[in-house]
Amino acid sequence: MAVRRIVVFGDPVLVGEAQKVDAIEPRLVKLVEDMNDTMYANRGVGLAAPQLGAPVQVIVFDTSGGKDAKKKIALLNPVLIERLDGEEEAEEGCLSIPEFVTNVTRASRVVVRGQALDGKTMEIEASGLAARVIQHEIDHLLGRLIIDALNPLQRDLFERKWNQEANQRRKLV
Ligand code: ZN
């Protein structure tokens with residue numbers, strides 16, 4: 001069990017495609033434990049393996065924030081197999097882009113298929129926040145971030161602000 005450093009925007013691991021998991025080895029189980037620990041420590045509701053620098057198709061999420069064990073889920077090789085009930089827009093943040101939020105349009109209800117840590121196939125139907133989180137984390141596995149939803153002007157503004165803050169951070173160190 002360990003809380004690890006979250007990779008932030010600018011690191012190439014966040015924009016590459018994650019690789020499929022084909023064997024459930026002890027180090028994968030350890031990665032999932034670290035992902036859970038890191039997610040809870042940062043009060044997040046989801047985390048994808050690339051955010052810990054591991055380019056593999058693994059996501060964890062828990063919309064109860066650790067209060068309901070049934071909602072603590074880890075999925076290997078997750079794939080969205082259905083998008084239902086239209087779309088909705090809501091504000092989202094990302095632990096890899098600290099102190100930034102933007103509106104993102106997502107399917108209102110989804111069905112996701114993947115494997116649990118015991119190798120069994122799992123199919124989950126989710127709506128509301130859970131549907132949003134699942135889509136956000138699967139995007140991470142495809143190298144997509146919430147800033148990809150920005151228009152060019154907003155994106156430019158974001159990058160300027162981000163770089164300014166990065167300079168600020170460097171001065172503080
Ligand atoms: Zn994120």
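Numbering of ligands and ligand atoms starts at 1, following listing order. Every heavy atom of this structure was used, including side-chain atoms; hydrogens, water molecules and symmetry mates were not.
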Subject >> Residue of the set E92, E89, E88 for which salt bridge (Lys or Arg N to Asp or Glu O under 4.0 Å) holds with R106 >> reply: E92
**OP:** With sequence neighbours excluded, give me every ring pair (Phe, Tyr, Trp, His ring centres under 6.0 Å) pair touching residues 127-148.
**Re:** H136-H140
Subject >> Neighbouring protein N, O or S atoms of the Zn ion (ligand 1) [cut-off: under 2.8 Å, no waters] >> reply: C94 SG, H136 NE2, H140 NE2
Original post:
So, S96 and Q51: side-chain donor and acceptor under 3.5 Å apart, yes or no?
Top reply: yes
**OP:** Please name all residues satisfying side chain to side chain contact (heavy atoms under 4.5 Å, CB included) with D148, sequence neighbours left out, ordered by chain then number.
**Re:** R144, L145, R155
Subject >> Selection residues 66-84 - residue pairs positive for side-chain hydrogen bond (donor to acceptor under 3.5 Å, both in side chains), sequence neighbours left out >> reply: N77-Q115
Original post:
Under 3.5 Å, side chain of T38 to main-chain N/O of R4, donor-acceptor pair present?
Top reply: yes
